[in-house]
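See below for the structure under consideration.
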2 protein chains.
Amino acid sequence: MTNDVGHDIANALGILLRRTARAKLHKELTQGMGEGVDELTYPVLSALARTGPRSAADLAPDVGLDRSGVTRRASRLEVAGLVRREPDPADRRAHLLVLTEQGELAVAELRTRLADRIMASLSSWPPGEAEAFARHLRRFTVEGPFA
Amino acid sequence: MTNDVGHDIANALGILLRRTARAKLHKELTQGMGEGVDELTYPVLSALARTGPRSAADLAPDVGLDRSGVTRRASRLEVAGLVRREPDPADRRAHLLVLTEQGELAVAELRTRLADRIMASLSSWPPGEAEAFARHLRRFTVEGPFA
DNA sequence: TATTGTTATACTCTATAACTATA
DNA sequence: TATAGTTATAGAGTATAACAATA
C-alpha cells in the first residue's frame with residue numbers, strides 16, 4: 001500500500017468536504033418540502049428518525065450544535081408541524097423531541113430522494129463495486145480521521 | 001444492486017457531511033501551523049497548491065466562496081507571508097495569488113499530515129481494499145450527487 | 001451543586017453592493 | 001458594457017451567558 005493512496009483519498013475528501021458540497025446537497029434535497037424543512041432543519045429531522053425521540057441536549061452532538069442551537073431549529077420544525085415536544089417521563093427537566101406523523105412522512109421522502117440520487121450516480125458501476133464502496137465508506141467514517 | 005446500498009451510503013455520507021466533521025478535521029490539521037493557517041485559509045492554500053497561481057475570481061468556485069471572500073482570506077495569508085500577489089501579465093485588472101516558498105512548505109506539511117492520518121486509519125484494511133476504496137471514492141466525487 | 005430548555009447578546013463569517021481600474 | 005480586486009454594509013447563524021425549573 002503506497003502513500004499515494006493517502007493522497008488520493010485526501011484529494012477526494014477535499015471535494016466532499018467542500019463548504020458548498022454539504023449546503024448544496026441539502027438545499028437541493030429539501031427543495032419544495034415545505035416551510036419548515038431546509039438545509040438547517042434537515043439534520044435534526046434525520047437524527048430524530050435515526051435514533052427516535054431525544055432531548056435537545058442529547059441530540060446536540062449528533063447534529064453538531066449545542067443545545068441552544070437544537071432548540072432553535074426544533075422550534076422551527078414544531079411551528080411547521082413536523083416535530084412536537086413531549087415531557088420526558090424520566091426527567092421532568094427535559095422535553096423529548098418527537099417526529100409527528102407529518103414529520104415521519106417528510107423524513108421518508110427525504111431519505112428516498114437522497115438514496116435515489118446516490119443510486120442514480122452508481123447505476124453505471126460494475127456489478128458488486130457499489131456494494132464494496134458502501135462497505136468501505138461506512139468503515140471509513142467509523143475508523144477514519146474524524147473520530 | 002438493491003436499494004439498501006443507496007441508504008447505506010446515504011447514512012455514511014450523513015456522518016461525513018456533518019457540520020462539525022469538516023471544521024474539526026481542518027482545525028486539527030492546521031493546529032500549530034502559525035498564525036495565517038487555519039480552517040478558513042486552508043482551502044485557499046490547498047487549491048493554490050493543486051492548480052498553481054490563480055486569480056481570486058478564478059479561485060472562488062474551487063474554494064466555495066465568491067471573489068470577495070477569497071480576497072479576504074488571501075489577504076490574511078499574505079500578511080502571514082504564505083501568499084503573495086503578482087500582477088497578471090495577461091490581464092492588468094487581475095492579480096495572481098502565488099504561494100511563497102513558506103507557503104509551499106506549509107502546504108507540503110498539511111498534505112503530509114492529512115495523508116498520514118488517512119493512511120493510519122487504513123492500516124488494518126485487507127490488502128488491496130484501500131486502493132479500491134480510493135478509486136471508488138474518487139469516482140463518486142466526480143459522478144456523485146454533488147455536481 | 002449540576003443539568004434541563006429557553007432566550008438574549010456578542011461574535012464570526014458570508015454575500016451583496018458599491019467603488020475604481022482595465023478589457 | 002463587462003469584469004477585475006477591494007472594501008463597507010447587512011444579513012444569517014452560532015456559541016456564550018444568563019435565567020428559572022428540576023435532579
Side-chain angles (χ1 to χ4, degrees), chain A residues 17-27 30 35-45 47-48 51 53-80 83-98, chain B residues 17-27 30 35-45 47-48 51 53-80 83-98:
Chain A
L17 295 182
R18 200 132 66 180
R19 204 179 68 89
T20 45
R22 168 195 160 89
K24 196 174 168 190
L25 179 62
H26 286 181
K27 197 166 195 172
T30 57
E35 225 180 296
V37 186
D38 56 32
E39 67 268 28
L40 291 177
T41 53
Y42 172 75
V44 176
L45 286 176
L48 279 178
T51 65
R54 313 263 296 281
S55 70
D58 205 30
L59 213 56
D62 267 35
V63 181
L65 295 172
D66 77 337
R67 59 203 171 130
S68 75
V70 175
T71 288
R72 215 181 319 117
R73 297 188 185 184
S75 296
R76 283 178 43 203
L77 288 168
E78 192 180 29
V79 169
V83 159
R84 67 171 184 275
R85 286 176 159 94
E86 291 185 359
D88 184 344
D91 185 339
R92 285 194 302 175
R93 294 172 301 181
H95 291 256
L96 295 178
L97 299 171
V98 187
Chain B
L17 295 183
R18 201 132 67 179
R19 203 179 68 89
T20 45
R22 169 195 159 88
K24 197 174 167 190
L25 179 62
H26 286 182
K27 198 166 194 171
T30 56
E35 227 180 295
V37 186
D38 55 33
E39 66 269 29
L40 291 176
T41 54
Y42 172 74
V44 176
L45 286 175
L48 279 177
T51 65
R54 315 262 294 281
S55 70
D58 205 29
L59 212 55
D62 267 35
V63 181
L65 295 172
D66 76 338
R67 57 200 173 129
S68 75
V70 175
T71 288
R72 213 180 322 116
R73 297 187 186 185
S75 295
R76 284 177 43 203
L77 288 168
E78 192 180 29
V79 169
V83 159
R84 66 171 184 275
R85 287 175 158 95
E86 290 186 0
D88 184 344
D91 185 339
R92 284 194 303 175
R93 294 172 302 180
H95 291 257
L96 296 178
L97 299 171
V98 188

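All chains are named by letter (A, B, ...) in the order of the sequence lines, taking the proteins before the strands, and each is independently numbered beginning at 1.
Listed here is the closest heavy atom pair of A/Ala80 and A/Gly36: CB-CA, 3.6 Å. Closest approach of A/Thr71 and A/Arg85 over heavy atoms only: O-NH2, 3.5 Å.
Rounded to whole angstrom, the span from the CG atom of A/Asp58 across to the C1' atom of C/dG5 amounts to 14 Å. Between the CG atom of B/Leu59 and the C1' atom of D/dG5 there is a distance of 14 Å, rounded to whole Å. Taking atom NE2 of B/His95 as the reference point, atom C1' of D/dT3 lies 13 Å away to the nearest angstrom. Atom P of nucleotide C/dA21 and atom CG of B/Asp88 are separated by 19 Å, given to the nearest angstrom. D/dT7 atom P lies 10 Å from atom CD of B/Glu78, rounded to whole Å. Taking atom NE2 on B/His26 and atom P on C/dC13, their separation rounds to 15 Å, with Å as the unit. Distance NZ (A/Lys27) to P (C/dA15): 11 Å, rounded to an integer number of Å. The distance from atom CZ of A/Arg76 to atom P of C/dT7 is 15 Å, rounded to the nearest whole Å.
The phosphate of C/dT6 has neither OP1 nor OP2 within less than 4.0 Å of any side-chain N or O from A/Ser75. Between A/Thr71 and C/dT6, a side-chain N or O to OP1/OP2 separation shorter than 4.0 Å is present.
Applying the salt bridge (charged side-chain N to carboxylate O under 4.0 Å, His left out) test to every pair with at least one member in residues 63-72 of chain A, sequence neighbours left out, gives no pairs at all.
Looking at A/Arg76 and A/Leu40, their side chains come closer than 4.5 Å, going by heavy atoms from C-beta outward. A/Leu97 places a side-chain heavy atom less than 4.5 Å from the side chain of A/Val70. Residues B/Thr41 and B/Asp38 have side chains in contact (heavy-atom distance under 4.5 Å, counting atoms from C-beta outward).
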Legend entry - Contact state string [nucleotides 15-23 of chain D, B base, S sugar-phosphate only, - no protein heavy atom under 4.0 Å]: BB-B--BBS
